[in-house]
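Quick notes on the structure that follows.
This chain uses plain numbering: 1 for the first residue, then up along the sequence.
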Amino acid sequence: MIVFISRILNFRTAALLAVTLLAACSGAGTESTSTITDAAKFIEEAEKRYSDVVIKEGRASWVQSNFITHDTEALAAAAKEESIKTIKELAEQARQFDGQNLAPDVARKLKLLKLALALPAPGDPKEREELTKISVAMESAYGAGKYCPDGDKGKCLSLGDLEKILASSRNPEELKKAWLGWHQVSRSYRKDYARFVELVNKGSKEMGFKDYGAMWRSNYDMEPDAFAAEMERLWLQVKPLYDSLHTYVRAKLRQKYGDAVPAAGPIPAHLLGNMWSQQWGNIYELVKPPTGDPGFDLTKILQSRKTDARQMVKYGEGFFTSLGFEALPQTFWERSLFTKPADRDVVCHASAWDLDNQKDVRIKMCININEEDFSTIHHELGHNYYQMAYAPQSPLYQNSANDGFHEAIGDTIALSVTPEYLKQLGFINSVPDEKADLGLLMRLALDKVAFLPFGYLVDQWRWKVFSGEVSAADYNKAWWELREKYQGISAPEARSESDFDAGAKYHVAGNVAYARYFLAHILQFQFHRSLCREAGYKGALNRCSIYGNKQVGEKLKAMLEMGQSKPWPEALKAMTGEDKMDATAIIDYFAPLKKWLDEQNAAMSGK
């Protein structure tokens, strides 16, 4: 999932612009004559320009994602180029205040301004134009990608069609064909991606960063190398839980598919129910515990109630309003995209948008009536409610404490979608006994725990690419080395450097940093544990629902309203009392399942 956060307001006056540009161009005596007042004045005016161009870019991007044509690509590229040019100019001007003793608020905004450039293009106008065109073209190629097994004259399958095959088929050859079909789409922009890397690295270095990956890692209120170490620390905390799940799932898949699944080593990627093997919930029926059936199937319940896409979103809104948040604005319902149009290509990847930094929030997704999208809707609305909460902040603070926070909020709410909550909605008549929790925990672990190594490795790969540790000649080799190391996953058949399997993931083609999703999967359980404690809940963590608790809602809202005005450890402490990300909450949540998995693995291995 991806969030597009537009922030910003008006153009500065022409006179002030001319003076600022003249000062930047002359470079003479800037540091010696700049004062604290100059810095405050600069950032005030810079925020206005910044807001204006990003809102303009967001609107063009919304149209391009909803109407994929040559013309909308050109319009989106032009808007993105203008945004890049303006923000790069402002970020370069901000460097005139480096090393000065400024007010903390001004110093923080100057730092955020320098990090605000999502696509750091080189200063050369031709290279900047080239980068924006490559960027838009790769995203469009992904969105319009299709697999035509019988050639152009036969029926072509979209990503959505292929995902349904991966989710439902149990024929290994059909699964392999669907997996390979989608992964040939990204070959077309492998060379473009290599050029993209050259250009963003050049732009990042012009901004004073070692490379584009180092720029990304500088967004976390710590040094880039320290952030990389923090990611590794969190991964090592959760690795034993993942290893237990992986070992069990591999054994059950071997029972189903025989020697196609090795007794030890990596699991073939096409057998896990998901195009990227990042979530395994679709194979629940193959690996479910023999006992612990929850006694209900949320997908079937939703479909039997003839729930439509709009009602799915209404359920998500209802959870937030039960906590004391306001209802979504009418424009949300008028302007969002809930279903895939029959007459055109759109980017179906679920995303949340804020088009004016105030109330024009929207989601864009092609909703399927199933349990997965029920949860995804809560996730996307979490972005929208976060955006509305920090809207009163100044433009550079209209963001989450760190990008992992933005991704975690909606999923924190989704953890409260418990049997107790479903009973309150009238979906089930009674709450299953706690003995049924094993099945629910397994189902959730197949999505949440299974995701963790993938959430970590996507940016591991890009950091290595941006730093030059991985060359363009070894893109695929490095990708699969990381997937085997962290996920324990192997390709369905031998891959080569004519393939570009990393690019078959939207976030690579669309240039969206991925570490946020790993952090979100850690933070959502830390948030959930804290909010359950606030509610006075004493039972098993997986049984806690904060639905309807307005006291908890107030604590959550207070953190959301901070935006990015303070370093993220302060925001984390405001809600949890802790200033360090901690994976023990996810371990606590799944403790009953971990115990059971270890017992099963020992029994199946004959120990």
> Once the angle between the rings of H383 and H406 is folded into 0 to 90°, is it parallel (under 30°), tilted (30 to 60°) or perpendicular (over 60°)?
Replying inline: tilted
> Looking at residues at least two apart in the chain, or sitting in another chain, which of them share a side chain to side chain contact (heavy atoms under 4.5 Å, CB included) with E206?
Replying inline: K88, P122, K202
> Going through the checks in order, is the side-chain hydrogen bond (donor to acceptor under 3.5 Å, both in side chains) test met by Y456 and E232?
Replying inline: CA-CA 9 Å; Y456 183 29; E232 181 70 10; 2.5 Å; yes
> Under 30°, 30 to 60°, or over 60°: which ring-plane class applies to F451 and H521, parallel, tilted or perpendicular?
Replying inline: parallel
> Mind checking whether W568 and F405 have parallel, tilted or perpendicular rings, split at 30° and 60°?
Replying inline: tilted
> How are the rings of Y142 and Y506 set to each other: parallel, tilted or perpendicular (split at 30° and 60°)?
Replying inline: perpendicular
>> Under a plain distance cut-off of 3.5 Å, with no hydrogens placed, do S140 and E73 share a side-chain donor-acceptor pair?
In response: yes
> Looking at S218 and F209, what are the two nearest heavy atoms and their distance?
Replying inline: OG-CE2, 3.7 Å
> Can Y220 and D403 be counted as having a side-chain donor-acceptor contact under 3.5 angstrom?
Replying inline: yes
>> side chain to side chain contact (heavy atoms under 4.5 Å, CB included) for L523 and L572? Distances and angles first, verdict last.
In response: CA-CA 9 Å; L523 287 167; L572 181 64; 4.1 Å; yes
>> Between the side chains of E92 and K114, is the shortest nitrogen-to-carboxylate-oxygen separation below 4.0 Å, so that they form an ion pair?
In response: no
>> Measuring from atom CG of L381 to atom CD1 of I413, what distance do you get when rounded to the nearest 0.5 angstrom?
In response: 10.0 Å
>> Under a 3.5 Å threshold, yes or no: a donor from one side chain and an acceptor from the other, between E407 and H379?
In response: yes
>> Would you say T72 and T69 are linked by a side-chain donor-acceptor pair, where the criterion is simply a distance under 3.5 Å?
In response: yes
>> Can a side-chain donor-acceptor contact be found between Y212 and N511 if the only test is distance below 3.5 angstrom?
In response: yes
> Would D105 and Y397 count as having a side-chain donor-acceptor pair, cut-off 3.5 Å?
Replying inline: yes
> Does atom NZ of K550 have more than 12 heavy-atom neighbours from other groups under 6.0 Å away?
Replying inline: yes
>> Looking at D459 and R462, is there a salt bridge between them, counting it only when a charged N and a carboxylate O are closer than 4.0 Å?
In response: yes
> Do you know which two heavy atoms are closest between L102 and V106, and how far apart they sit?
Replying inline: CD1-CG1, 4.4 Å
>> If we count only N and O atoms by modelled type, under 3.5 Å, do the side chains of S83 and K56 hold a donor and an acceptor together?
In response: no
>> Quick check on K85: does its NZ atom have over 12 non-hydrogen neighbours (other residues, nucleotides or ligands) under 6.0 Å away?
In response: no
>> Any carboxylate oxygen within less than 4.0 angstrom of a Lys/Arg side-chain nitrogen, looking at E334 and R362?
In response: no
>> I'd like to know if E554 and K557 make a salt bridge, using a cut-off of under 4.0 Å between side-chain N and carboxylate O.
In response: yes
>> Salt bridge or not between K464 and D211? Use side-chain N to carboxylate O under 4.0 Å.
In response: no
> For E198, does the CD atom sit with more than 12 other heavy atoms under 6.0 Å from it, leaving out its own atoms?
Replying inline: yes
> Can you tell me if W333 and T331 form a side-chain donor-acceptor pair at under 3.5 Å?
Replying inline: no
>> Using 30° and 60° as the class boundaries, would you call the ring planes of H507 and H349 parallel, tilted or perpendicular?
In response: perpendicular
> Can the ring centroids of F466 and W216 be said to lie less than 6.0 angstrom from one another?
Replying inline: yes
> Ion pair present between R59 and D356, side-chain N to carboxylate O less than 4.0 angstrom?
Replying inline: no
>> Can you confirm whether the side chains of T584 and D582 place a donor and an acceptor under 3.5 Å from each other?
In response: yes
